[in-house]
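Below: the structure, in structure tokens.
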Amino acid sequence: MSSPEPTLTADVAVVGGGFGGVAAALAAARAGATVVLVEEHSRVGGQVTTQALPALDEHPHIESFGASASYRAFRDAARAHYGGVANPGGGWVSRLCFEPAVAQRILDATLAEAKVTVLTGLAPVAARVEAGRVLDVTFGDGTVLAAAVFCDATERGDLAPLAGFATVTGSEGRDAHGEPDAVPGGPDPAAQQSFTWCALVEHHPGADFTGPAPADYAALRDRLSFDIAGWDGGVHRYRMFTDGPDGKPPFWTYRRLRATAPELAVLNWASNDCAGQDPIGDPAGAERAGRELTAAFVHWLRTEAPREDGGRGFPGLRLAPEAAGTPDGFAEAPYLRESRRIVVDRPVTGHDLAPQPGRARARHLPGSLGVTWYHVDLHERTGQPDPVYRETAPFTIPAASLVPRGAVNLLAAAKNLGATQVAAAAYRVHHGEWAVGEAAGALAARAALDRRTVSDIRDPAFLYRVQRDLVAAGVPLAWVADVPAQDLRFAAVHLAAAYGALRGERAHTLAVEPDRPAGPADLVAARRAALALGAAPSAVDPARPFGAVLEDITR
């Protein structure tokens, strides 16, 4: 039986239009590739649109460094929509909170300007593969998409297994890599993190939107002990609309997205964190459970949440379908904290992200294609009720983490990178997913345009070309506080740093101080980086400023 003829062809096909998928599509288009982006839901954007979470989880340096030019452009556009207000929603969980519709308008316009073909409402159902090469992907409506390179940016990591590549779910187990935060013993595929089916609610003082209690309300309330106290089960540190007894800001403003009347907030809290489900293997069952839990929490907030005056309930909370872009005010899709993860020869582990004594950055990993940073944030896992909050040091995205074992033309481009469950829990947030997608998109475009396989990233010359594409587009490859993208030395500093040039005296802080002369340890690190780059160590001149030394070895 012959295969159907492709409906569409492209240099790069991005399957999945979440934050990582959008970043991948933009990066590939920026590099000159033709791009088709396909999303299963009605809109692109994932976390900031269909999942109703445009309260950006980011690292503490985000306003000054540690993000790409394209991610900064997205943040700037959001603020510009509100006349330059720094944090339009005023939510205290983030430096930037705003409405999903604003995110959608920005992303739609940016993709259109980049000439990316966007298809929505389509999920992949089959893939045709020969000898590790994905020839084409068929979607639910019969569309067949062929491409030179495919990026899997689906929310659950669906494309890789559909194409026959190995993936991992749940925990690898502590025995695999000795990670203290992995589940004890061997692998546990069922030990997936909880997820949240968010809802958007407006506050209308004096109104009453209380309806009948959901069918399982009493059982859920009693079993889960709904509250707005926080996560420690102790005293009520948070009150609804005023500061708490210990000065903590209000629950309402935690993830507030609109600060003007009627104020709007997204419900993503411990009380509607849905655990014990299988959102990857049984999405329909998880949807039922997640939506039921959030509906019960909304009813509790309206009827039983404690008020400062001694009363109970805030009936003026209205589900906001207009803001959510859905019929009922619930998010269109769940916020999943993990997906399937591709199998690679050497996954990123929690050890790779851990703080290093006397060093400002995490362990140096070869082949950096970008940077991100967040703590290891593991919510309750099935069979493992205790959450994990583990500090990390600023870390990078190694190229090898994007290439599934045995793949010729498939890349991971979202939360599905080759990392353990522990490490992936630090990559999963907004800027991390964007950075992974952007790295994958740049690699995909270069492979497509140069007619290379994605596994050719092991070729030092090809890797260096991809890295040059990235720095030319303002993507940092290392954690550098004082060499911004507009600095003429940006490319040299980041390329050299990606090859280990900051393991000398500049390892102790994130500032490189490019105008200060190189010390003895800097010179040793620079010479090693020169060798890794294929440059002559003699190019390292100790009489020159450190920034000039790095320019020498990357010229």
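For the pair Pro334 and Phe195, the tightest heavy-atom approach, listed with the atom from each and the gap, is CB-CD1, 3.9 Å. The shortest non-hydrogen separation linking Asp175 to Gly186 is OD2-N, 3.6 Å. Counting all heavy atoms, side chain and backbone alike, Gly504 lies closest to Ala525 at N-CB, 3.6 Å. Contact detail for Tyr427 and Val436: the closest heavy-atom pair is CD2-CG2, 4.2 Å. Pairing each heavy atom of Ala29 with each of Val116, the nearest pair is CB-CG2, 3.9 Å. The two residues Val408 and Ala131 come nearest to each other via the heavy atoms CG2-O, 3.5 Å.
Remark: the Arg468 side chain and the Tyr464 side chain contain an N/O donor-acceptor pair separated by less than 3.5 Å. Judged purely by distance below 3.5 Å, without hydrogens or angles, the side chains of His431 and Thr372 pair a donor atom with an acceptor atom. Using a 3.5 Å distance cut-off with no hydrogens or angles, the side chains of Gln421 and Arg381 do pair a donor with an acceptor. Of the N and O atoms on the side chains of Tyr335 and Arg428, at least one donor lies less than 3.5 Å from an acceptor on the other residue. Between the side chains of Thr420 and Glu179, at least one donor N or O lies within less than 3.5 Å of an accepting N or O. Between the side chains of Glu438 and Ser70, at least one donor-acceptor pair of N or O atoms lies under 3.5 Å. One side chain, Asp11 or Thr34, offers a donor N or O that lies under 3.5 Å from an acceptor on the other. In this model, no donor atom of one side chain and acceptor atom of the other lie less than 3.5 Å apart for Glu39 and Thr120. Residues Glu58 and Tyr71 have side chains that bring a donor and an acceptor to within less than 3.5 angstrom of each other. Side-chain contact of Gln467 with Tyr499: a donor-acceptor pair under 3.5 Å is present, judged by distance alone.
With hydrogens and angles disregarded, no donor-acceptor distance shorter than 3.5 Å links the side chain of His177 to the backbone of Pro347. Within the 3.5 Å criterion, the main-chain N or O of Val475 finds no donor-acceptor partner in the side chain of Ser68. With hydrogens and angles ignored, the 3.5 Å screen pairs a side-chain donor or acceptor of Asn409 with a backbone N or O of Ala148. Between the side chain of His508 and the main chain of Gly358, a donor-acceptor pair closer than 3.5 Å is present. Using modelled atom types, one side-chain atom of Arg341 and one backbone atom of Ala419 make a donor-acceptor pair closer than 3.5 Å. Although no hydrogens or angles enter the test, the distance criterion places a donor-acceptor pair under 3.5 Å between the side chain of Asp152 and the main chain of Leu159. His81 places no side-chain N or O within donor-acceptor distance of the main-chain N or O of Val102, the cut-off being under 3.5 Å. Remark: the backbone N or O of Ala354 is not paired with any side-chain donor or acceptor of Thr392 at under 3.5 angstrom. A donor-acceptor distance shorter than 3.5 angstrom exists from the side chain of Thr349 to the backbone of His351, with no hydrogens or angles considered. One N or O on the side chain of Asp456 and one on the backbone of Thr453 form a donor-acceptor pair closer than 3.5 Å.
By the 4.5 Å heavy-atom criterion applied to side chains, Arg156 and Lys415 are not counted as neighbours. Asp352 is listed as a side-chain neighbour of Leu365, based on a closest heavy-atom distance under 4.5 Å. Under the 4.5 Å side-chain criterion, counting only non-hydrogen atoms from C-beta, Asn416 is not in contact with Arg340. Counting only heavy atoms from C-beta outward, the side chains of Leu410 and Val129 never approach each other to under 4.5 Å. Side chains of Gln51 and Glu155 form a contact here, defined as non-hydrogen atoms less than 4.5 Å apart. With a 4.5 Å cut-off on side-chain heavy atoms, Phe395 and Val371 do not count as touching. Residues Phe546 and Arg516 fail the side-chain proximity criterion, which asks for heavy atoms closer than 4.5 Å. Contact of the Gln192 side chain with the Ile280 side chain is registered, since non-hydrogen atoms from C-beta on lie closer than 4.5 Å.
One finds the NE2 atom of His41 at 12.0 Å from the CG atom of Leu122 (value rounded to the nearest 0.5 Å). To the nearest 0.5 Å, atoms CG (Leu145) and CG (Leu119) are separated by 8.0 Å. Here Leu37 contributes atom CG and Leu26 contributes atom CG; the two are 8.5 Å apart, rounded to the nearest 0.5 Å. Atom CG of residue Leu463 and atom CZ of residue Arg458 lie 12.0 Å apart, to the nearest 0.5 angstrom. Taken to the nearest 0.5 Å, the CZ atom of Arg95 stands 11.0 Å off from the CG atom of Asp57. The structure places CG of Asp188 at 12.0 Å from CZ of Arg174, a figure rounded to the nearest 0.5 Å.
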Kindly determine whether Phe139 and Val125 satisfy side chain to side chain contact (heavy atoms under 4.5 Å, CB included), including the steps that lead there. CA-CA 5 Å; Phe139 295 86; Val125 296; 5.7 Å; no

Using the rule given for salt bridge (charged side-chain N to carboxylate O under 4.0 Å, His left out), can you reason through Arg503 versus Asp522, listing the C-alpha separation, both sets of side-chain angles and the distance that settles it, and then say yes or no? CA-CA 7 Å; Arg503 285 186 283 189; Asp522 290 326; over 6 Å; no

Walk me through it: do Leu378 and Gln193 pass the test side chain to side chain contact (heavy atoms under 4.5 Å, CB included)? CA-CA 7 Å; Leu378 284 162; Gln193 290 183 76; 3.6 Å; yes

Please determine whether side chain to side chain contact (heavy atoms under 4.5 Å, CB included) holds for the pair Val35 and Lys115, giving the CA-CA distance in whole Å, both sets of side-chain angles, and the decisive distance to 0.1 Å. CA-CA 8 Å; Val35 184; Lys115 295 182 171 51; over 6 Å; no

Run the side chain to side chain contact (heavy atoms under 4.5 Å, CB included) check on Val403 and Val344 step by step: do they pass? CA-CA 7 Å; Val403 183; Val344 297; 5.7 Å; no

Using ring-ring contact (aromatic ring centres under 6.0 Å, His included), reason through His59 and Tyr374 one step at a time and then give a plain yes or no. CA-CA 6 Å; His59 61 78; Tyr374 204 68; 9.3 Å; no

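A salt bridge does not link Arg390 to Asp377: none of the charged side-chain nitrogens sits closer than 4.0 Å to a carboxylate oxygen. A salt bridge does not link Arg337 with Glu433: none of the charged nitrogens is closer than 4.0 Å to a carboxylate oxygen. Salt-bridge formation is not detected for the pair Glu63/Arg72: no Lys NZ or Arg NE/NH1/NH2 atom is positioned less than 4.0 Å from an Asp or Glu carboxylate oxygen. Under the 4.0 Å criterion applied to side-chain N and carboxylate O atoms, Asp487 and Arg489 are assigned as salt-bridge partners.
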